[in-house]
Amino acid sequence: MADLLNELNPQQQKAVAAPPGPILVLAGPGSGKTRVLTYRIAYLIAALNVPARQIMAVTFTNKAAREMGHRVEGLLGEKTNGLWLGTFHAICGRILRREAAHLPVDSNFVIYDADDQTALIKRVIQEKVFNSKDYNPNQVLSRISNAKNDLLGPEDYPVESYRDETIQAIYAAYQAYLVASNAMDFDDMLRYTAHLLETQPEIREKYAHRFQHILVDEFQDTNQAQYNLLYHLASHHRNLFVVGDEDQSIYRWRGADYRNVERFAENFPQRTTILLEQNYRSTQTILDTAVSVINENPHRTEKKLFTARGTGKPATAYEALDDHDEAAYVVDTIVTQVRQGQAKESDFAIMYRTNAQSRLLEEAFRRANMSYRLVGAQRFYGRREVKDMIAFLRVIYNPKDEVSLARVINLPARGIGAVTVDNLQKCAQGAGLSSGEVLLSLSDGGSNALEERLGSAAARLRPFSMLLADWRGQLDQRSLTALFDQVLLDTGYEAYIKADSDELQDRWANVMELRGVLLEYEALGLGVFLEAMALVADQDTLPDTIDAPTLLTLHAAKGLEFPQVFIVGLDEHYLPHSRSRDDEEALAEERRLFYVGITRAEDRLYLVRALRRRSPYGSYENMLPSRFLSDIPEALLNGRFTRENGWGKGYDVDQFQWDRPYGSSTQKKAPKPPEKRAQRFYPDMLVEHPVYGEGVVRNSRLEYGDETVEVYFDGLGLKALVASLSSLEIKET
DNA sequence: AGCAGCGGCCTTTTT
DNA sequence: GGCCGCTGCT
């Protein structure tokens with residue numbers, strides 16, 4: 001074990017070998033946070049002989065958990081049986097299923113994801129609210145989510161207005177539906193666990209005694225519920241080892257509160273605080289760039305970040321003509337370096353503020369015939385066909401699941417329309433049952449009363465009710481994949497999904513891929529499979545084996561590192577995002593997001609913006625450079641950013657329709673005149689540009705009343721030019 | 001009941 | 001530009 005400590009710097013050693021007790025590690029980016037956590041776990045097991053089963057380590061992503069597990073096993077040279085290592089939600093799931101007797105749901109509860117929540121809240125709003133149009137489902141959900149993160153139930157929901165009263169009523173009904181569906185959402189998992197530990201002393205004692213040591217990663221991003229449950233879990237041994245960095249707190253919108261760091265200091269006055277300031281990841285120039293950005297944030301304890309990695313190259317500043325050009329620049333830079341053998345594809349990451357920004361990049365990569373890894377954005381599990389099949393399995397597993405039942409009851413269409421569904425739901429409500437239970441009882445012809453109440457709906461529902469009962473009967477008799485195949489067969493889902501012509505056969509391939517995943521859970525059972533489906537995000541399933549650049553949001557980039565990093569979309573309204581414009585705290589968080597992005601880079605950083613880009617609503621808009629760019633000293637940049645948009649037009653905030661609350665249509669944009677211009681440029685034409693010189697047209701398209709021409713210039717690569725503005729001359733056709 | 005066509009509305013980030 | 005929900009036709 002002694003040699004284990006030798007691999008660490010003095011500060012890291014101090015943290016890893018700290019005597020038991022509350023420990024707060026404040027760690028700058030790239031300072032070996034994960035390393036400290038893994039070594040600490042190994043140290044506890046190997047040096048202090050703490051049984052692995054008495055250690056709990058909490059991370060924010062499954063990927064981080066998995067990695068940490070591997071690393072600990074690597075250090076110890078053996079399996080760590082009994083160690084509780086996982087995300088907050090996974091660990092809560094484990095506790096909640098064991099302690100379901102104390103919950104309003106049973107241990108077969110299902111977890112509702114964002115889509116399920118939206119479906120349910122829409123239904124509640126429709127049913128409960130007179131002027132349902134005034135209540136945006138996502139807004140209401142976020143209010144409910146905030147309340148839950150603060151451990152407030154419907155009855156505690158703060159009411160200051162009539163609108164609040166309505167939201168409170170929606171919250172109450174939403175919660176009642178969840179319970180009736182034997183379901184909970186992500187926030188409930190934390191809230192129920194915190195509540196259990198707080199109100200059930202024997203449960204609290206059980207876990208607080210068991211877990212001698214609790215370790216937490218990304219502590220700055222914990223919310224109130226998470227803090228509370230940690231506090232209770234650590235209430236007996238008080239060995240709480242937390243690692244965090246307030247400058248990397250980027251989940252405030254999800255209830256995260258970096259003041260939990262202060263709270264920790266207050267609740268555990270005898271804590272040890274350790275600072276990790278040496279960076280092992282980036283060049284000094286990259287660190288300086290990051291610091292110049294983050295230093296502008298108020299109320300933070302300044303850290304001196306230093307590295308032994310040398311000065312390095314200044315960040316490249318690139319100002320693209322438009323968003324197409326931006327994507328072309330990124331791909332081109334990567335292609336050039338790869339071709340010249342200076343780098344390999346997987347060295348690169350491209351980061352952006354919103355998922356939607358990946359589209360143009362993906363297209364550019366595809367055009368260049370280069371593969372890429374796209375993190376998140378519901379790549380697989382968000383697909384309709386995948387969610388459909390999971391919904392079937394969920395209803396079979398838990399027939400009370402109203403949201404999943406509503407999704408599949410008429411899928412593919414089997415003559416059960418809105419009226420029939422409505423009848424079923426009313427009947428169920430009248431009988432104090434769930435819709436699924438009514439269906440099951442219908443299938444065995446048990447209750448005449450129910451049948452009578454259903455009336456004509458009974459006949460329409462019977463075939464599906466028989467199917468459902470049949471599937472349920474098979475649940476314990478046959479393998480999961482056999483059941484899956486049976487559902488496909490009975491529903492004719494294959495023909496249905498293949499009939500959807502526009503997306504080729506991909507959809508069916510996804511269904512089969514899901515079947516492949518299910519195969520891995522044969523031994524573990526449907527419940528484990530469904531929980532994994534709910535809690536395992538797409539980014540956790542990415543094969544990191546392929547040699548390709550990674551596309552990801554700035555949020556998803558936290559905790560990762562790459563030799564070369566592009567941060568694109570460095571324009572006002574994107575970073576900082578326009579939704580944060582009027583809120584100082586939110587703006588500070590946008591800045592931290594930028595900081596997180598910069599500090600992912602090991603060797604090279606590219607800061608990219610575009611003079612004009614497509615707004616979320618379709619039209620093209622002139623952009624202003626991100627305010628954060630002006631905080632970076634020019635000496636740290638190779639290249640520079642203009643201070644105004646490049647189109648001579650004055651910048652006018654009001655031209656951004658996505659800034660204005662919808663509904664206030666005072667300045668409805670005049671529809672663009674459908675000015676039809678003839679296309680002048682075609683692929684392979686030889687053209688001359690006053691600045692770039694001679695080039696070959698790769699592609700050209702008419703859009704938004706103008707012609708966008710992609711021209712390949714020797715030595716410069718691909719440029720996207722706007723024909724009417726760039727005085728391109730045709731030299732040869 | 002189901003489908004096509006249309007208009008309004010919307011997009012931040014994720015376990 | 002794209003989704004979703006509504007409407008009106010079959």
Side-chain angles (χ1 to χ4, degrees), chain A residues 58-65 86-93 111-115 117-119 122 126 132-133 136-139 142 145 148-149 184-190 218 221-223 225-226 249-256 351-357 359 375-378 381-382 384 410 412-421 460 531-540 552-558 569 573-581 583 586 589-590 592-594 596-597 614-620 657-665 668 672 703-704:
Chain A
V58 195
T59 62
F60 262 76
T61 63
N62 294 288
K63 191 181 174 198
T87 62
F88 270 103
H89 292 86
I91 282 173
C92 288
I111 299 160
Y112 275 5
D113 68 11
D115 281 1
Q117 291 184 31
T118 306
K122 277 182 182 165
Q126 286 292 338
S132 51
K133 282 201 175 65
N136 174 306
N138 286 322
Q139 264 172 34
S142 107
S145 175
K148 287 186 175 183
N149 289 330
M184 62 177 74
D185 61 25
F186 288 123
D187 300 321
D188 280 339
M189 298 185 80
L190 307 174
E218 309 282 12
D221 276 328
T222 51
N223 61 32
Q226 288 163 331
S249 167
I250 54 175
Y251 285 99
R252 197 184 74 107
W253 51 274
R254 203 167 89 183
M351 302 172 187
Y352 35 78
R353 176 67 233 271
T354 67
N355 281 305
Q357 288 169 266
R359 217 194 75 226
V375 175
Q378 305 217 318
Y381 292 105
R384 193 186 81 203
N410 197 32
R414 57 173 70 84
I416 304 178
V419 178
T420 308
V421 170
R460 288 184 176 277
E531 174 142 336
M533 291 306 98
L535 294 183
V536 171
D538 284 301
Q539 45 245 64
D540 300 314
L552 72 179
T553 62
L554 288 162
H555 282 91
K558 191 166 75 161
H573 296 97
Y574 281 81
L575 192 74
H577 195 273
S578 49
R579 294 283 269 246
S580 315
R581 200 179 57 189
D583 178 347
E589 179 147 313
E590 298 286 309
R592 292 195 291 270
L593 207 43
F594 188 28
V596 166
R614 182 89 121 280
S615 85
Y617 301 116
S619 61
Y620 256 84
Q657 48 172 316
W658 77 82
D659 267 355
R660 292 199 304 277
Y662 46 90
S664 75
S665 52
K668 263 244 156 60
K672 273 223 167 90
E703 48 183 21
Y704 328 109

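Hydrogens, waters and symmetry mates are skipped; everything else that's a heavy atom, side chains included, is used. Order of the sequence lines fixes the chain letters, A, B, ..., with proteins taken first and strands second; residue numbering starts at 1 for each chain.
Ring geometry for A/F60 versus A/Y251: interplanar angle under 30°, hence parallel rather than tilted (30 to 60°).
Looking at heavy-atom distances under 4.0 Å, A/D187 makes no contact with the nucleic acid at all. Contact annotation for A/A90: no contact, since no heavy-atom pair falls under 4.0 Å across all strands. A/S580 comes within 4.0 angstrom of no nucleic acid atom, judged by non-hydrogen atoms across all strands. Within 4.0 Å (heavy atoms only), A/R460 reaches sugar-phosphate atoms of the nucleic acid but no base atom. Across all strands, A/F88 comes closer than 4.0 Å to no nucleic acid atom at all (heavy-atom distances).
In this structure, A/A413 and A/H555 both approach DNA chain B, and ranking their closest nucleotides by distance from the 5' end singles out A/A413.
Residue A/H555 comes nearest to A/I250 through the heavy atom pair NE2-O, 3.1 Å, listed as atom of the first residue, atom of the second, then distance. A/V58 and A/T87 get closest at one heavy-atom pair: CG1-C, 4.0 Å. Between A/G255 and A/N223, the shortest heavy-atom contact is O-CB, 3.0 Å. A/E590 and A/S580 make their closest contact through OE2-OG, 3.1 Å (heavy atoms, listed as atom of the first residue, atom of the second, distance). Across every non-hydrogen atom of A/A64 and A/T59, the tightest pair is CB-CB, 4.0 Å. When all heavy atoms are compared, the tightest approach of A/A90 to A/L535 is CA-CD1, 3.7 Å.
In this structure, the side chain of A/Y352 engages the main chain of A/L552 through a donor-acceptor pair within 3.5 Å. Remark: the backbone N or O of A/H573 is not paired with any side-chain donor or acceptor of A/R581 at under 3.5 angstrom.
When the nucleotides B/dT15, B/dG2, B/dT14 are ranked by their closest atom to the side chain of A/H89, B/dT15 comes out on top. When the nucleotides B/dT14, C/dG1, B/dG2 are ranked by their closest atom to the side chain of A/N410, B/dG2 comes out on top. Closest approach to the A/T61 side chain among B/dT15, B/dT11, B/dT14 is made by B/dT15 (side chain taken as heavy atoms from C-beta onward). With distances taken from any side-chain atom of A/R579 to the nucleotides B/dT11, B/dT14, B/dT15, the minimum falls on B/dT11.
Contact annotation: A/N136 side-chain N/O to B/dT11 OP1/OP2 distance is under 4.0 Å. Residue A/N355 places at least one side-chain N or O under 4.0 Å from the OP1 or OP2 atom of B/dT13. For the OP1/OP2 pair of B/dA1 and a distance below 4.0 Å, the side-chain nitrogens and oxygens of A/T420 include at least one atom meeting the criterion. Checking the phosphate oxygens (OP1, OP2) of C/dG1, no side-chain nitrogen or oxygen of A/S619 falls inside 4.0 Å.
Here the P atom of nucleotide B/dT13 and the NE2 atom of A/H573 are 17 Å apart, to the nearest Å. Protein atom CE of A/M189 is 13 Å distant from nucleotide atom P of B/dT15, rounded to whole Å. The CD atom of A/Q139 sits 16 Å away from the C1' atom of B/dT13 (whole-angstrom rounding). A straight line from CG of A/N138 to P of B/dT13 spans 11 Å, rounded to a whole angstrom. Atom CD1 in A/I250 sits roughly 9 Å away from atom P in B/dT14 (whole-Å rounding). Atom P of nucleotide B/dT15 and atom CG of A/N149 are separated by 14 Å, given to the nearest angstrom. Following rounding to the nearest Å, A/N223 (CG) and B/dT15 (P) show an atom-to-atom distance of 14 Å. Between the CE atom of A/M533 and the P atom of B/dT15 there is a distance of 14 Å, rounded to whole Å.
Rounded to the nearest Å, the gap between the P atom of C/dC4 and that of B/dT13 is 15 Å.
Residue ring and base: A/W253 counts as stacked with B/dT13 (centre distance below 5.5 Å, interplanar angle below 30°).
Put simply, the residue from A/T420, A/N410, A/V421 that forms a side-chain contact (heavy atoms from CB on, under 4.5 Å) with A/R460 is A/T420.
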Between protein and nucleic acid, restricted to nucleotides 5-10 of chain C and to nitrogen or oxygen atoms under 3.5 Å apart, what atom pairs and distances do you find?
| from | atom 1 | to | atom 2 | distance (Å) |
| --- | --- | --- | --- | --- |
| C/dG5 | OP1 | A/K122 | NZ | 2.9 |

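When base pairs are accepted only as Watson-Crick or G-U wobble with both N-N or N-O distances under 3.5 Å, DNA chain C takes part in stems of 3 or more pairs at B:1-10 with C:1-10.
In terms of the salt bridge (Lys or Arg N to Asp or Glu O under 4.0 Å) criterion, residue partners of A/D185 (sequence neighbours excluded) are, by chain and number, A/K148.
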